[in-house]
Amino acid sequence: MANDTIEIKVCLGTSGNAAGGEEVLRMFRHYIFEKGIEARIGKRCSPSKVGCRGFCSKDVLVDVIANDSRTTYQSVTPIMVERIVEEHVLGGAPIAEWTVKDEYASFNAKQRKVVLGPCGEIDPDNIDDYLAMRGYRAAKKAMTTMTPDGVVDEVIRSGLRGRGGSGFRTGEKWKACRSVPSDTKYVVCNIGEVNRPLAEGNPQAIIEGLLIGGYAVGASKGYLYIRERYHLSVERLRNALVQARERGFIGRDLFGSGFDFDIEFSFGTEAFICGEETALMESIEGRRAMPRVRPPFPAYRGLWGKPTVINNAETFSNIPLIIGMGSAWFAAIGTEHSKGTKIFTLSGKVRNNGLVEIPMGMPFRDIVYGIGGGIEGDKALKAIQVGGPSGGIIPTSMLDLGLDYENLARVGSIVGSGGMVVFDEDDCIVSVAKFYIEFLQRESCGKCVPCRIGTKRMLELLTKITGGTGTEEDLKTLERLSGVMASTSLCGLGRTAPNPFLTSFNHFKDEYLAHIREKKCPAGVCTALITFSVIADKCKACGLCRRACPANAITGAPKVVHAIDAAKCVKCGACYRACKFKAIKKQ
Amino acid sequence: MSSNDKHTHDGSPSSPLSRLSSLSPVTLTIDGRPIEVLPGTTVLAAAQQLGIHIPVLCHHPKLSVTGACRVCIVEINGQPVTSCTALAENGMEVTTASPYIEGLRKDILDLILSDHPYDCMVCERAGDCELQELAYKYQIRTPVFHGERRIYPKRDGNPFIERDMEKCILCGRCVKVCDEVQGVGAIDYAYKGFGTKICPPFERDLDCEFCGQCVSVCPTGALVSKPSLCKGRTRDVRTVETVCPYCGCGCNITYDVVKNEVIRAGSRPETINEGWLCVKGRFGFSFINSPDRLKAPLIRKNGKLTAASWEETFAYLGERLRSIRDMHGPDAIGGFASARCTNEENYLFQKMMRAAIGTNNIDHCARY
Amino acid sequence: MAEIENNDVLFVIGSNTKENHPIVAHRMIKAVRRGAKLIIVDPRRVPLVRFASLWLQHRPGTDVALLNGMMHVLLAENLVDRAFIEERTEGFTNEFQTAIRGITLESVEKITGVPKEKIIEAARIYGTGKRAGIYYTMGITQHSHGTDNVFALANLALMTGNLGKESAGVNPLRGQNNVQGSCDSGCLPNVYPGYQRVTVPAVRERFEELWGVKLSAREGLMANEMLDAALAGKLKALYIMGENPALTDPDTVHTGKALKALELLIVQDLFMTETAELAHVVLPATSFAEKVGTFTNTERRVQLVRRVVNAPGQAMKDSHIIMEISRRLGYEMPYHHTEEVFQELGKAWPAMAGISYSRIEEEGGLQWPCPTPDHPGTQFLFKGGFPRGKARFTNVTFRPSVEQPDSEFPFVLTTGRMLFQYHTGSMTRRVKAIEKVAGTPYIEISREDARELGVENGAMVKVTSRRGSITLAAQVTTKPDRGVVFIPFHYREAAANILTSSTAVDPICRIPELKVGTVRIEKA
Amino acid sequence: MEDKVLTKILNEHKRTGGNLIMLLQRIQETFGHIAPENVDWFAERLDIPASRFFGVITFYPKFRTKPVGKNTLTVCCGAACHIKGADKILDKARETLNLTGDEDTTPDLKFTLEKATCIGACNIAPVVIMNKQVHSGMDPVKVTKLITGYEREEFLGYI
């Protein structure tokens, strides 16, 4: 970047936004303008917004690039802006105490930011930023130098697999769709919740990917399917579409190739099942998102009965890279059967929650302890849940497993669209499984029997177990139920719905049995199975717990050791949290 | 607006896959028996051609495919697949009733029954219920799975159709028949997940054409005809086939008769009306047993219609008609035949007018 | 009926098929789902409109103008089937063509109220259809120019070669279960069974031989003529079997007077109908469920009616009653069972000769003509040719309906049926469930008119014509256009036919103009 | 008056060739909720059975048939938020808003509380959305402050 400009990049993804990034950016503009900074230092200053940089727990992140050196500030608030402008921009001296710490480096070190790369660098609302980094070159290359079949072959050679649920080979899907003769075809980009950072950070890449996809399969209409509730994503995509249209990247006779392409929004409304592609099509057609029977597959008979390719935004974002840099470049990343990178939202009990992109095959240990910076509060890692609600639970013993499609399938999980939640010793695995089943039960569309009734029965049984009335027979019933659901459900949701139970039961059988045989919740989560009591020799009779108790279950007086009346206790844990002397025992 | 919004899927189960493949027949093996079928044939249909029975609940031969109940599951090349949705392909190896498959089927039925009232003893459809039949066949006495059941108040005020949604297994046949065949769409799926329910908009009372097609396709006791309630069990019923007395469509009707009373109307699927009826045909039969029926001849005496014997009536009529004919000529007498009487009666009527009375003054209300 | 499914164009005019022939409508819907184009011509937004590609909402009684307008487009855009016209029709003369070409679409638009673009589109759809079928009912026939309407439809079909092949043609849908059969059986004043004219000596001789008696050579009177004759004192006795003219015939006041003028009125029915109440002798008959016989449906399919239950009380089979009366008149008709009568019909009319009860049992219904026991029946008529050799174009010009709205009677009234009730309701109104949902008479009024009249949905209104007035509930809907109202004729308590005219009739077939009258509406 | 607004929506719907979901979104945007009378109005004019509208409305939790509050507070209950205490935030919000039983809207129509399955902001869990603004790293105390701030129509932050 030119040396005569000072760039200030404010992280303004959903996370930066939530942390007050808009205000931070406004303050930068305000000070730079008010104090006539540009004139005083003789350089241009360009404060701009950029997409998510991933390190969301320390938002708002602000990069100041001056004299070829980049300084990243963390947790910036509007009141800090004036000093940054004064001391750093004007004075040339970065404020060390506010800059990111080592953890930021280690957070980034193991990542391979291929798709996310531009997200923290370019202004998502400015197509010129995208063009400056070779944007739309891939589309041009495809349309002017490659045949549609050539594009399909290139994608097949790259080994790219769908970044959504089942990990189907993208190129093969395209090939099938391409092979069906039809006057009308569609390409659909599903922008799910985990794709939001892409839509917010680099919307043009999604559009370019969709464009290339349309060219490859012979579709002249593309849909951006997005929940209307993702306001920021919608806004940025809308803006991106307008700009792309203005520059002639969408419309008629693109790049002089004779290929016409138009993109439209289709606004869905929240429903987890819309991640299933046939349900998604129902939603685009304006109906209840109940999955259709397959076959026919969408590639043969999709939207309005026409051949349709559906991929998610991450998949499409990979396309310009594959076409632009070549399939060989892409295939060099990852493992033998799982190529490229995968984006995850790392959340839960790790220190660094955030958005991460890793090369396929990276061991979980590197993700949790390297990128994630270990477990919060130095507690012990218990398990990692990957692949969204219907994914599986991976125990500590499998920390060295490489994350790719095959390995996850082997342990009963899926890559899914990219959720990764880390649990520590304080989390009860039965409750976690119950949580996911409850979620899936709520999101089941209700069409087929195994999923509609099966998830309900599973939830009831798990509730029984966490409530302390479960039996070993119930575990057998759960297993039997899981078998029926996995093999007979209509769509992926129902087929994978038993995963949270099956994988957790596989790896944490003892914990289940403790709930059943000993009526104990080892993690101290299941309220029906825990008791609170005062450890007499630790109690300082301060009265904090007594005042915190909503049920008046605690007796005691100043200087009199307190006691909890088990009959009155509602097990809310208020006393446990209130006690400063660790004198309340939970077991 | 896409036309799809107005009326849903075209209802044809054929897929472009089948249209793409050449029209040469497909050969597959079902339970070890080879069979050749046309491309686009489902595995279920192929099995039926071989006379192999696969249980179904949501499938209906005249409606589009749903694939919701999953009981028609079979093993295709080792994988469990619903046979109503799978299209026959060359070289397929299908097993319809391995212990594995039968086990899955039983568990699915078990799940359905875990959310179904156990009141078969008072259910109108007992003995004529597809779910009961399968529960019996698979010997499900006490379900393995059990838990909360959906409980709904019954409060539909319409006079034709009783809707007991607790017995509904959400097969969707009623929704499809209402939309695809009848073109009404009075009911649809509402809510989702375990709470999914088929109901009229905003759970109002059913307000539709009341053709009762939904009742005729319902596999359980969820939809039954109100006028027929408690009028008699299937076992006591005698069925008679005849033709509907209403409009000119000439629908075939099968009446269920108990003693001397028609209690229910239905129709066979292979008739010109394909088994479908309208509200008049399906529910409009009770006039036959109406207490208002004329039961004796009446002659006006002193300005009042008074009951008379047939002998007296015929004698009177013979005398009166003869005297009018003799006095004013045959053309002073006229006759209206009826578009609601049989061909034979009309033939006799005109023959009487022409041959016995001697006039061509005969007409009927074809013009109204 | 099954062939409806294979139409690629369905031209439905003057037929509320979905309500009056629900089962036919199923097939139409199926055809639409398979991609057929459905054109509906109706002054009301009938339920089938939901499935239509095009709906022409014309003013009641302007069918001829509309159809001629369509033909004008067909000629102008050369969408006519020259080969068919050449080979199988006559009368496609210069004169005929000039008349059609002389019409302007602007004038058609003015008469019918249908934008000309829609007329052009309808003509194009119909003209380019490969298997275009026309379906109509009383909406076409019950006019003072009903015959003209039918001629115009025939012209339309002939011009495009849509006659005498599968899934095409001009198809009237019969309103009552056995209208077809009662016509076939000879219940018409001018023909014997099988449409054989009473005035043709050779025909008459054949029937005299068959029946063993001398027959009258004079054509008889049509139903409405009989009523006029009764009023004039010329007709003294009337024997009515299973009909209720007191409610169905136009201008019921007039009908009532005529029936009361009779010396002898014999009514044979299931119930004490409005007509039976006026009778001198009432004969309790049996319903279709209590006897054996045949019905012939709208597609000429002869089907078996079977005995389901026993008749109540002393109710007697209609055939017995007729045979008994005939005997008392000195003419014996000794039949032992019903099929003997049917066999005699076959002897009288060769088209039925090949049908027997046992064949119907085995094969299901059979469509006549079916002349021999091995004949499969005939799915559609005029395949090889038309009975008169070549089909004839008949030049028809638009004639307005007799009554036109004016300041005194500003609304056009059109009458008809609705789904739940049947005819005069003597059957359906005795079904409790049906009464519950459709037990009250109503008049359909457009929103705009209702607003102007200050009438709310459900409010009572008084409807008055030149003949009389009735009071009934207003149903404010989007069905009829402004200025048009609709009343179903099923209800005795607000009999639509009190309002209708008995003098406005078609000059040829004497059908009354029940589809267009004028009324005024006031709040009741 | 309302007829005019509805007609405008209808015309726009016909012009843009949108689907039922988009139409319902538009109705909800305009009126805050989807009233049965409005469904009947559109069903009649579009010749789409009202049952289909109802089916769609009840499938997607976003659609409401009863009036909603001026402010909508959405608590994300996805997995990441869940393990970081979304339940407690939800309970606290219900308590602060005085909502009992199945109610989700305050009687004064100021607030509507809803649950979201997962809004995809797992990396900043737990989150809530007030109207369109996402708030990250929530806890029961912050949610009370957020609600009170909006109640007084002068939310300044979690001071």
Side-chain angles (χ1 to χ4, degrees), chain B residues 10 159-160 183 227 240 242-243 245-246 248-251 255 260 272-273 278 280 283-284 286-288 290 292-300 314 318 320 324 328 332-348 350 352 355-356 358 360-361 363-368, chain C residues 22-23 29 33 174 176 178-179 181-182 185-187 189 198 211 213 220-223 226 236-243 248 264 280 282 284 287-289 293-295 297-298 303 305-306 308-309 312-314 318-319 322 324 326 328-329 331 338 341 345 422 427-428 430-431 433 436 511:
Chain B
D10 54 12
F160 297 101
V240 186
T242 187
V243 181
Y246 291 107
C249 293
C251 296
Y255 282 126
N260 199 41
I272 49 159
N273 45 304
C278 76
K280 298 186 286 286
F283 296 110
S286 61
F287 73 89
I288 300 169
S290 166
D292 296 352
R293 281 286 296 274
L294 294 171
K295 294 188 187 76
L298 306 169
I299 299 175
R300 192 172 294 276
F314 285 134
R320 291 289 288 134
I324 291 173
H328 305 283
I333 302 173
F336 287 7
S338 173
R340 271 165 284 172
C341 288
T342 62
N343 291 330
E344 292 77 2
E345 286 159 351
N346 279 312
Y347 177 84
L348 286 178
Q350 61 89 32
M352 175 196 72
N360 283 321
N361 283 344
D363 203 354
H364 71 291
C365 67
R367 295 179 198 88
Y368 313 125
Chain C
I23 305 300
I29 292 171
R33 294 252 155 87
R174 297 303 202 162
Q176 299 182 57
N178 204 25
V179 174
S182 53
S185 316
C187 292
V198 297
W211 291 345
V213 67
L221 300 173
M222 290 197 227
M226 280 190 244
K236 303 289 180 189
L238 185 58
Y239 182 176
I240 302 178
M241 173 174 78
E243 299 224 335
T248 53
L264 177 64
H280 300 97
V282 178
S287 78
F288 79 107
T294 54
F295 283 158
N297 79 353
T298 188
Q303 307 194 98
V305 179
R306 294 176 182 83
V308 181
V309 290
Q314 299 174 49
D318 300 60
S319 40
I322 297 165
E324 196 58 38
S326 191
R328 307 280 169 152
L329 288 169
Y331 182 75
T338 320
V341 182
L345 175 59
Y422 178 70
M427 286 143 71
T428 45
R430 286 184 172 83
V431 177
K436 207 172 155 197
I511 201 162

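Note that the structure is predicted; figures quoted are calculated from it, not measured. A note on names: the letters A, B, ... follow the listed sequences, proteins ahead of strands, and every chain is numbered from 1.
Although no hydrogens or angles enter the test, the distance criterion places a donor-acceptor pair under 3.5 Å between the side chain of C/Y422 and the main chain of B/Y246. A donor-acceptor contact shorter than 3.5 Å links the side chain of C/N297 to the backbone of B/C249. Side-chain atoms of C/N178 come within 3.5 Å of backbone N or O of B/C341 as a donor-acceptor pair. With hydrogens and angles ignored, the 3.5 Å screen pairs no side-chain donor or acceptor of C/E243 with any backbone N or O of B/H364. Counting only distance, with no hydrogens or angles, the side chain of B/N360 and the backbone of C/G220 share no donor-acceptor pair below 3.5 Å. A side-chain donor-acceptor contact under 3.5 Å links B/S338 to the backbone of C/G242.
Among all heavy-atom pairs drawn from B/E345 and C/M241, the shortest one is O-CE, 4.0 Å. Shown here for B/G250 and C/Q303, the closest heavy-atom pair between the two residues is O-NE2, 2.6 Å. Nearest heavy-atom pair across C/S185 and B/Q350 is O-CG, 3.2 Å. Here the shortest heavy-atom pairing between C/M226 and B/G334 reads SD-CA, 3.7 Å. For the pair C/R328 and B/G318, the tightest heavy-atom approach, listed with the atom from each and the gap, is CB-CA, 3.9 Å. When all heavy atoms of B/D363 and C/A223 are compared, the pair lying nearest together is OD2-N, 2.7 Å.
When heavy atoms are compared at a cutoff of 4.5 Å, B/I324 approaches chain C solely by way of its side chain, counted from C-beta outward. Residue contact with chain C, scored on non-hydrogen atoms closer than 4.5 Å, involves the side chain of B/Y255 exclusively. Proximity to chain B (any heavy atom under 4.5 Å) is shown, for C/V431, by both the backbone and the side chain. Contacts of C/V305 with chain B are made by both backbone and side-chain atoms, with heavy-atom separations under 4.5 Å. Interface remark: C/I23 contributes backbone and side-chain atoms alike to the contact with chain B (heavy atom separation under 4.5 Å).
Summarising the geometry, atom CG belonging to B/L348 is positioned 5.5 Å from atom CD1 belonging to C/I322; distances are rounded to the nearest 0.5 Å. Within the model, atoms CD of C/E324 and CE of B/M352 stand 12.5 Å from one another, a figure rounded to the nearest 0.5 Å. For the atom pair CZ (B/F287) and OG1 (C/T428), the distance works out to 9.0 Å, reported to the nearest 0.5 Å.
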Applying side chain to side chain contact (heavy atoms under 4.5 Å, CB included) to C/Q314 and B/K295, what does each step give before you reach the verdict? CA-CA 5 Å; C/Q314 299 174 49; B/K295 294 188 187 76; 5.9 Å; no

Stepwise side chain to side chain contact (heavy atoms under 4.5 Å, CB included) test for B/R293 and C/S287: CA-CA 10 Å; B/R293 281 286 296 274; C/S287 78; 3.9 Å; yes

Determine, step by step, whether C/H280 and B/I299 satisfy the side chain to side chain contact (heavy atoms under 4.5 Å, CB included) criterion, reporting the C-alpha distance in whole Å, the side-chain angles of both residues, the deciding distance to 0.1 Å, and the verdict. CA-CA 6 Å; C/H280 300 97; B/I299 299 175; over 6 Å; no

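The most heavy-atom pairs under 4.5 Å with chain B, out of C/G293, C/S319, C/C187, come from C/C187. The candidate from B/P159, B/P245, B/A356 with the greatest count of non-hydrogen atom pairs under 4.5 Å with chain C is B/P245. The choice from B/I288, B/N343, B/V243, B/N361 that makes the most heavy-atom pairs within less than 4.5 Å of chain C is B/N343. Residue with the most contacts toward chain B among C/A433, C/G313, C/S326: C/A433 (heavy-atom pairs, distance under 4.5 Å). Per-residue counts of heavy-atom pairs under 4.5 Å with chain B were compared for C/I29, C/D318, C/T338, C/V213; the largest is that of C/D318. Residue with the most contacts toward chain C among B/A355, B/C251, B/C278, B/G284: B/A355 (heavy-atom pairs, distance under 4.5 Å). Heavy-atom pairs under 4.5 Å with chain C peak, among B/I333, B/L294, B/I272, B/N273, at B/L294.
Looking only at atom types and distance, the side chain of B/E344 has a donor-acceptor partner in the side chain of C/T294 under 3.5 Å away.
Side-chain atoms of C/F288 and B/T242, non-hydrogen and from C-beta on, do get closer than 4.5 Å to each other. Side-chain atoms of C/F295 and B/T342, non-hydrogen and from C-beta on, do get closer than 4.5 Å to each other.
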